[in-house]
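Sequence lines set the chain letters: A, B, ... in the order given, protein chains first and strands last, and positions in each chain run from 1.
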Protein chains: 2
Amino acid sequence: MSERAAQIVTAARELIEDGGADALTMRALANRLGIRAPSLYKHFPDKAAVEAQVIGVAMTELAEALEAAGPGLPALGVAYRRYALAHPHLYRLMSSGPLPRDLLPPGVEERAAMPLVRAVAFDEAASRAAWAFAHGMVILELDGRFPPGADLGSAWEAGMAAFSVP
Amino acid sequence: MSERAAQIVTAARELIEDGGADALTMRALANRLGIRAPSLYKHFPDKAAVEAQVIGVAMTELAEALEAAGPGLPALGVAYRRYALAHPHLYRLMSSGPLPRDLLPPGVEERAAMPLVRAVAFDEAASRAAWAFAHGMVILELDGRFPPGADLGSAWEAGMAAFSVP
DNA sequence: CTTGACTGGCTAACAGTGTTAGCCCTACTG
DNA sequence: CAGTAGGGCTAACACTGTTAGCCAGTCAAG
């Protein structure tokens, strides 16, 4: 990826982080770089390709955060939630809708999943269930679907306890 | 709500059900009713208001489906998943992003939640954890985030078993 | 040294989006 | 009979992603 392309991805990430996915428009993106929108197409075929790069970055970061977490399911849950809350728009972007797998860094999906898979001793069903729980908790929290003031810490504990017992 | 307004909501629902949320445009909606887009604004203040009505209908239907399910957490999970898979675009619409609570039929949110709350004996933390699990499983399945051919039945069982043990 | 290709910018434009302003006909009501 | 409200319409605006086509600079080959 060229120098300029990397700058574009960085700018796109910034736009998304402080304005949500809707704030990423080709004109706004170009503006941030001091150029015009059509020039972006010299570096990326379309907007989806730019978004895919941002998703790739976000997934890599999430993977790193999970790898850095202590062992054990609860620690993993905390790290997962922490990343999502620190980068809500980024998390939503990378976790919602179909994933452009062919445009992502190869293996990043598996890499992000590995810490959890190991934490449940390679039990596929358990790892998928735990992932669904964590994603559900996070996305419902980000979207404000829980009642205001709900004790989400307790809900996390309840889930972690449920999945930790063998 | 007037006769015409009800027709608009029905048409909007149909557009979403067979084309996704993106297929609901004011022009397409008007077209389906044989009128022009600006005329819709005689009945609804904006597109969000129409969507909110569709969400209200969907949430009511989901609540009914859950109330009709047999008692017990697993039956509830099956009913939840079945509704989501039968109406994927509708489910995504009602479960993603901020909820326009002030435009929804009053109490519909609580009504949809009640069967689950009762199934876990009014344990708030448990009900939220179970909800997060179910939503996570469904939305990840709808979005194709699980590996192709993954055994989701096992993952559901693993989750249901985890949450059923007291 | 010139010529050609490539890179990366630009303007103008198009189709599609939600939405507003303003007009007009019809029906019902005082 | 007058007037008002309901509900349609066209024209238009600002915004979106995207394409076509032009042009300046750089750099290597003949």
> 5'-most contact on DNA chain C: B:Ala48 or A:Arg4, nearest heavy atom basis?
Replying inline: A:Arg4

> Taking only residues two or more places apart in sequence or in another chain, which ones pass side-chain contact (heavy atoms from CB on, under 4.5 Å) with A:Pro88?
Replying inline: A:Leu142

> Within a strict 4.5 Å, meaning less than it, do heavy atoms of the A:Tyr41 and A:Met26 side chains meet?
Replying inline: yes

> Are the side chains of A:Thr60 and A:Glu64 in touch, meaning some heavy atoms are under 4.5 Å apart?
Replying inline: yes

May I ask you to verify if any side-chain N or O of [X] is less than 4.0 angstrom from the OP1 or OP2 atom of [N]?
X       : N      : result
A:Ser39 : C:dC10 : yes
B:His43 : D:dG8  : yes
B:Arg36 : D:dA11 : no

> Are B:Leu66 and B:Leu116 close enough, and set up right, to give a side-chain contact (heavy atoms from CB on, under 4.5 Å), and what steps lead you there?
Replying inline: CA-CA 8 Å; B:Leu66 296 181; B:Leu116 173 57; over 6 Å; no

Kindly give the atom pairs (protein nitrogen or oxygen, nucleotide nitrogen or oxygen) under 3.5 Å for nucleotides 21-23 of chain D.
none

> Do the charged groups of A:Arg81 and A:Glu141 touch, with an N to O distance under 4.0 Å?
Replying inline: yes

> Is the shortest distance from a Lys or Arg side-chain nitrogen in B:Glu67 or B:Arg118 to a carboxylate oxygen in the other one below 4.0 Å?
Replying inline: no

Whole angstroms only, please: what is the [atom1]-[atom2] distance between [X] and [N]?
X       : N      : atom1 : atom2 : answer
B:Phe44 : D:dG7  : CZ    : P     : 12 Å
A:Leu40 : D:dT19 : CG    : P     : 13 Å
B:Lys47 : D:dC15 : NZ    : C1'   : 14 Å
B:Ile35 : D:dG7  : CD1   : C1'   : 9 Å
B:Tyr41 : D:dA12 : OH    : C1'   : 14 Å

>> Here's a test for you: under salt bridge (Lys or Arg N to Asp or Glu O under 4.0 Å), which of A:Arg111, A:Arg82, A:Arg13 qualifies with A:Glu61?
In response: A:Arg13

> Do any of residues 15-30 of chain A sit with a heavy atom less than 4.0 Å from DNA chain D, and if so which?
Replying inline: A:Leu24, A:Thr25, A:Met26, A:Arg27

> Between B:Ser96 and B:Leu93, is there a donor-acceptor pair closer than 3.5 Å when you use the side chain of the first and the backbone of the second?
Replying inline: no

> What is the ring orientation for B:Trp156 with B:Phe133, classed by angle as parallel under 30°, tilted 30 to 60°, or perpendicular over 60°?
Replying inline: perpendicular

